[in-house]
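By convention here, the first residue in the shown sequence is residue 1.
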Amino acid sequence: MRIGVLGTGNMADALATHWVRAGHQVTIGGRNAHRAERLATRVGGRVKPAGLRAAAAFGEVVLAALPFGAGADVARDLHAALEGKVLLDCSNPVGPGFRLLTEGGPSAAQRLAAVAPGAHVVKAFNLCHEDVWRMRSPVFDGRPLAVPVCGDDETALARVRELVRDVGCDPVAGGGLERAGLLEATAALFIALWVGEGADAQAIAPPLAYSAGPSQQETEGGTGALR
């Protein structure tokens with residue numbers, strides 16, 4: 001698969017490294033040519049440095065590894081090059097005080113879709129710190145990390161699910177792009193718990209077997225019906 005990466009930061013580094021190892025062709029695009037070249041060298045393989053427009057034109061899938069404030073402006077500028085492409089958004093619109101910056105409005109992913117209407121926007125990879133994505137592979141207690149994926153185009157979703165597996169994770173259907181805002185709000189909550197409170201965010205949800213509540217036997221010792 002041809003992958004164009006918009007951005008030269010930590011998420012671009014972490015994800016591109018996995019995808020190069022999996023055999024994909026990757027072009028790193030940045031506003032700063034030196035930074036793009038430096039990241040391409042660090043990732044290795046046959047990664048090529050380029051400008052943002054060239055990276056967008058190159059990729060079948062284009063990763064927008066950009067800060068929330070810059071993503072929509074870049075996508076608007078590159079909308080012609082993104083026509084028909086999968087545009088993968090991993091941003092988190094989280095500000096000071098762990099505040100969700102999109103509250104009351106469209107999600108970060110929906111804003112990309114609005115300014116690049118010819119692209120197939122998919123939301124994924126936003127729930128973990130970049131160093132988790134650097135792991136080879138993100139497996140905890142013998143269980144691969146699950147990655148929710150939101151989008152409206154099935155072909156685009158299939159490509160992103162493949163890229164999730166290439167990172168060593170399990171893709172999970174998160175629904176259509178209208179649910180991307182829920183992923184972004186979840187990230188804001190998790191970051192507030194992890195960073196602000198030092199709490200184990202994973203502990204706030206019961207295991208799947210208990211997701212609808214305890215069984216009748218566990219609730220009443222098997223002696224009667226649930227009330």
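A 4.5 Å side-chain heavy-atom check between Arg76 and Asp73 finds at least one atom pair inside the cut-off. In this structure the side chain of Met1 reaches within 4.5 angstrom of the side chain of Leu163, judged on heavy atoms. Looking at heavy atoms from C-beta onward, Leu145 lies in side-chain contact with Val132 at the 4.5 angstrom threshold. At a threshold of 4.5 Å between non-hydrogen side-chain atoms, the residues Pro171 and Val160 do not count as touching. Residues Val43 and Trp19 form no side-chain contact, since every pair of their non-hydrogen atoms from C-beta on lies 4.5 Å or further apart.
By the ring pair (Phe, Tyr, Trp, His ring centres under 6.0 Å) test, Phe190 is found to be paired with Trp194, residues two or more places apart in sequence or in another chain being considered. Not counting sequence neighbours, Thr27 has no partner by the side-chain hydrogen bond (donor to acceptor under 3.5 Å, both in side chains) test. For the side-chain hydrogen bond (donor to acceptor under 3.5 Å, both in side chains) test, residues two or more places apart in sequence or in another chain that qualify with Arg134 are Asn10, Asp13, Asp131. Checked against salt bridge (Lys or Arg N to Asp or Glu O under 4.0 Å), Asp77 has the following partners two or more places apart in sequence or in another chain: Arg53. By the side-chain hydrogen bond (donor to acceptor under 3.5 Å, both in side chains) test, His79 pairs with no residue at all, sequence neighbours left out. When the side-chain hydrogen bond (donor to acceptor under 3.5 Å, both in side chains) test is applied to Gln25, no partner is found at least two apart in sequence or on another chain. Residues satisfying the salt bridge (Lys or Arg N to Asp or Glu O under 4.0 Å) criterion with Arg111, sequence neighbours excluded, are absent altogether.
If you chain together hydrophobic residues whose side chains sit under 4.5 Å apart, Val147 and Leu63 fall into the same group. Linking ILVMFWY side-chain heavy atoms closer than 4.5 Å, directly or via other members, places Leu6 and Val86 in two distinct hydrophobic clusters. In this structure, Val164 is a member of the same hydrophobic cluster as Val61, with clusters built from ILVMFWY side-chain heavy atoms closer than 4.5 Å. In this structure, Val149 is not a member of the same hydrophobic cluster as Val172, with clusters built from ILVMFWY side-chain heavy atoms closer than 4.5 Å. Connection of Val26 to Val74 is not established within any shared hydrophobic cluster, with ILVMFWY side chains joined at heavy-atom distances below 4.5 Å, either directly or through further cluster members.
Applying the 6.0 Å contact sphere to CG of Leu208 captures no more than 12 heavy atoms from other residues, nucleotides or ligands. For Arg21, the CZ atom counts as densely surrounded, since its 6.0 Å shell holds more than 12 non-hydrogen atoms of other residues, nucleotides or ligands. Heavy atoms from other residues, nucleotides or ligands lying under 6.0 Å from CD of Glu162 number more than 12. Within a 6.0 Å sphere centred on CZ of Arg31, heavy atoms belonging to other residues, nucleotides or ligands number 12 at most.
Shortest non-hydrogen contact noted between Leu177 and Ala113 is CD2-CB, 3.9 Å. Scanning all heavy atoms of the two residues, the minimum distance from Ala16 to Ile28 falls at CB-CD1, 4.0 Å. Nearest heavy-atom pair, Cys169 versus Pro138, reported as atom, atom and distance to 0.1 Å: SG-CG, 3.7 Å. Looking at every heavy atom in both residues, Gly7 comes nearest to Leu39 through O-CD2, 4.2 Å. The shortest heavy-atom contact between Gly174 and Cys150 is O-SG, 3.4 Å. Between Ala57 and Ala81 the shortest heavy-atom distance is N-CB, 4.2 Å.
Between Leu87 atom CG and Leu78 atom CG the span is 9.5 Å, to the nearest 0.5 Å. For the atom pair Leu88 CG and Ile3 CD1, the distance stands at 9.0 Å (nearest 0.5 Å). Distance CD/Glu60 to OG1/Thr155: 11.5 Å, rounded to 0.5 Å. For the atom pair OG1 of Thr186 and CD1 of Ile191, the computed distance is 10.5 Å after rounding to the nearest 0.5 Å. In this structure, CH2 on Trp133 lies 9.0 Å from NE2 on His18, to the nearest 0.5 angstrom.
Hydrophobic cluster membership of Leu183, counting Ile, Leu, Val, Met, Phe, Trp and Tyr whose side-chain heavy atoms lie under 4.5 Å apart directly or via other members: Leu127.
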Identify every side-chain donor-acceptor pair in residues 94-105 under 3.5 Å, counting partners at least two apart or on other chains, and give the distances.
none

Side-chain donor-acceptor pairs of residues 114-125 under 3.5 Å, sequence neighbours excluded:
unit_1	atom_1	unit_2	atom_2	d
Lys123	NZ	Asp89	OD2	2.7
Lys123	NZ	Ser91	O	2.6
Lys123	NZ	Glu184	OE2	2.8

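A donor-acceptor pair is defined here as one N or O able to donate and one able to accept, closer than 3.5 Å; such a pair exists between the side chain of Asn92 and the backbone of Asn126.
When each of Val20, Val5, Val167 is tested with Leu15 by the rule side-chain contact (heavy atoms from CB on, under 4.5 Å), just one qualifies, namely Val167.
Residues in residues 141-155 take part in these salt bridge (charged side-chain N to carboxylate O under 4.0 Å, His left out) pairs, two or more places apart or across chains: Glu154-Arg161. Contacts classified as side chain to side chain donor-acceptor pair (under 3.5 Å) and involving residues 165-176 (residues at least two apart or in different chains) are given here: His24-Asp166.
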